[in-house]
Amino acid sequence: IFMDLFSCYLFEGTAPPGCWYGSNFGHDSVVCECNSTYCDSVGSVTLPPLGQYSSYLSSMAGSRLEPGRGQVQVNSTGAGLRLTVVPYQKYQKIRGFGGAMTDAAAINILSLSAGAQDQLLRQYFSSEGIGYSVVRVPMASCDFSTRLYTYADTPGDYNLDNFTLAPEDVNMKIPLLQRAQALSPRPLSLLASAWSAPAWMKTNDALIGKGSLKGQPGGKEHKTWAQYYIRFLEEYAKYNLTFWALTTGNEPSAGQMTNYSFQALGFTPEEQRDWVALDLGPALHASSYPHTHILILDDNRLLLPHWAKVVLNDIHAGRYIHGVAVHWYMDSLVPAEMSLGVTHHLYPDYYLFGTEACAGWNPLDRGVKLGSWDRAEQYAHDIMEDLNHYVVGWTDWNLALDQTGGPNWVKNFVDSPVIVDTKRDVFYKQPTFYSMAHFSKFLWEGSQRVGVSASRKTDLEYSAFIRPDGSVVLIILNRSSSVILFEVWDPAVGYITSTAPAHSLLTLAWNTH
Ligand SMILES: *[C@@H]1O[C@H](CO)[C@@H](O)[C@H](O)[C@H]1NC(C)=O
Ligand SMILES: *[C@@H]1O[C@H](CO)[C@@H](O)[C@H](O)[C@H]1NC(C)=O
Ligand SMILES: *[C@@H]1O[C@H](CO)[C@@H](O)[C@H](O)[C@H]1NC(C)=O
Ligand SMILES: *[C@@H]1O[C@H](CO)[C@@H](O)[C@H](O)[C@H]1NC(C)=O
Ligand SMILES: *[C@@H]1O[C@H](CO)[C@@H](O)[C@H](O)[C@H]1NC(C)=O
Ligand SMILES: *[C@@H]1O[C@H](CO)[C@@H](O)[C@H](O)[C@H]1NC(C)=O
């Protein structure tokens, strides 16, 4: 099907080489096509000397990280909106950005030829790629698997004698994670999340539906479930893969819903608190991996600040915990300040981290849409809003999906920044891939958000950072605004005059010494 479409392209915008204007797909912007020998790439970014700035632009009209350079001016033009960088207003430090190595992602990546697999992994993880440093790894199966399994499906195996990684881990996810690590210029921050405990540990004797652990925190099911995490860390360590963090479990609210359609494990915040205090915290502390971070919640921010209050107010649980993990679903229902902001101000010692997001999950806007700029804006808006409310990193969902948005055993198909077309041995980089890049490529670990003040009200969205080397990064999203022109003032260097074209994402960066 796509072959035929490619042969009759209608060029409406200026697409970079290898990128195709997506109007033939019924969507509004371009996808960039990569094969085993070709993939457009921004390359490694080095900033010009003091007195000049770099810019990178992506837009609905077809720009994709299009580089530019200019002079920093001594004087203001006095025209239009001014964004002033306020370096002494310091906020959170960035941990990183990334995506998830689900079974589906691994299946899709490995369905390509060796050369195309390598191109794909390089796009995400190498220094010429977009700088991903975080990879979320589901522990055993989730909806983006082709079968239901856990690592300890032998009933009554409280000692986990029969705990064993799955072929999906050993043959697919682990080799790909090792390759990603080998391509990455820095150690990857791996993050583990479990969807369901083995059925025999659960009240409903099933991986799906409404169910929680049998018994009470401190009891044998809760202890075994904590040990399951330790065993997972031990088994992955045998492959030289060590985890930065683990979450207390994916979407605990899902397992509290009647007939939930895929793998879930229900926890109330009270039960999660007591499980961490009595079981997971002590088990991890006594394990070979006591420095692994524990992130609570791993669910939608609409559960904040209540969930955090219940868990973190308890010193017995709180001392084992490092952060609060949030998913992006239904973010539009809850203002960021009321959820993320309030949680940060109540518990400033715990960081906020985005662990899951994807486009195409909403029943009204389902599955893959090749070349959708609207979805790029959804990503950029949410990342910017999170960063402006103390979140230290943002993790996309599946690293790669097929053209139907799967595989997914319950047909819960969604979109991904990379869509694989196995028949043609190519993959498409979606507009969302570039949304991620505008942040992940530039905001290295340790970059600190600083203040920005606008000279007047504007619809532009923006966020500024000072990187560990002292350089400044300012990211600007124009989803729609009546402002024509703006200038940036960094009192340390001077004025930058710029424009943010209609429906665009712009990253500006400059040295300060
Ligand atoms: C890969 O794409 C490039 C650019 O479109 C093309 O020149 C090349 O022939 C393709 N390679 C393969 C193996 O299809
Ligand atoms: C900047 O403005 C000052 C005072 O208005 C003026 O003297 C100077 O020539 C200007 N410099 C440049 C480079 O335009
Ligand atoms: C579980 O492990 C034990 C000891 O290694 C082994 O004898 C037994 O066959 C295993 N059971 C299953 C169901 O795999
Ligand atoms: C293990 O991984 C680290 C990077 O995380 C690497 O530096 C080291 O060489 C690896 N060791 C082995 C034995 O592969
Ligand atoms: C849950 O699923 C069962 C079995 O399919 C069905 O009988 C029951 O009506 C469902 N309950 C709800 C509330 O949907
Ligand atoms: C943002 O886009 C709008 C159109 O959606 C355009 O009119 C405006 O000039 C752009 N803003 C800036 C600052 O360039």
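For ligands, and for the atoms within them, numbers begin at 1 and follow the listed sequence. What you see is a predicted model; the values in this text were computed from it and never measured.
Checking side-chain atoms of Gln92 against main-chain N and O of Val391 turns up a donor-acceptor pair under 3.5 Å. Judged by distance alone, the side chain of Tyr124 and the main-chain N or O of Leu399 form a donor-acceptor pair under 3.5 Å.
Looking at residues two or more places apart in sequence or on another chain, you find a side-chain contact (heavy atoms from CB on, under 4.5 Å) between Arg186 and Ser133, Ser184. Judged as a side-chain contact (heavy atoms from CB on, under 4.5 Å), and not counting sequence neighbours, the contacts of Ser127 are Pro185.
Using a 30° and 60° split on the angle between ring planes, Trp397 and Phe144 fall in the perpendicular class, above 60°. Ring orientation note: the planes of Tyr236 and Phe243 are nearly perpendicular, at an angle over 60° on the 30°/60° scale.
Distances between N or O atoms of Ala500 and those of ligand 6 include at least one value under 3.5 Å.
Of all atoms in ligand 6, numbered sequentially from 1 with element shown, those under 4.0 Å from a heavy atom of Phe486 are 13 (C). In the vicinity of Asn478, heavy-atom distances shorter than 4.0 Å reach the ligand 6 atoms 1 (C), 2 (O), 3 (C), 8 (C), 10 (C), 11 (N), 12 (C).
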Please table the atom pairs, donor to acceptor, closer than 3.5 Å between any side-chain atom in residues 323-336 and protein atoms at least two apart or in another chain.
| residue | atom | partner | partner atom | Å |
| --- | --- | --- | --- | --- |
| His327 | ND1 | Glu251 | OE2 | 2.7 |
| His327 | NE2 | Asp298 | O | 3.1 |
| His327 | NE2 | Asp298 | OD1 | 2.7 |
| His327 | NE2 | Thr355 | OG1 | 3.3 |
| Trp328 | NE1 | Cys358 | O | 3.0 |
| Tyr329 | OH | Glu356 | OE2 | 2.7 |
| Asp331 | OD2 | Arg301 | NH1 | 3.4 |

Dump all N/O pairs between ligand 1 and the protein below 3.5 Å as a table: atom names plus distance, one pair per row.
| residue | atom | partner | partner atom | Å |
| --- | --- | --- | --- | --- |
| ligand 1 | 2 (O) | Asn35 | ND2 | 2.3 |
| ligand 1 | 11 (N) | Asn35 | ND2 | 2.8 |
| ligand 1 | 11 (N) | Thr37 | OG1 | 3.1 |
| ligand 1 | 14 (O) | Asn35 | ND2 | 3.3 |

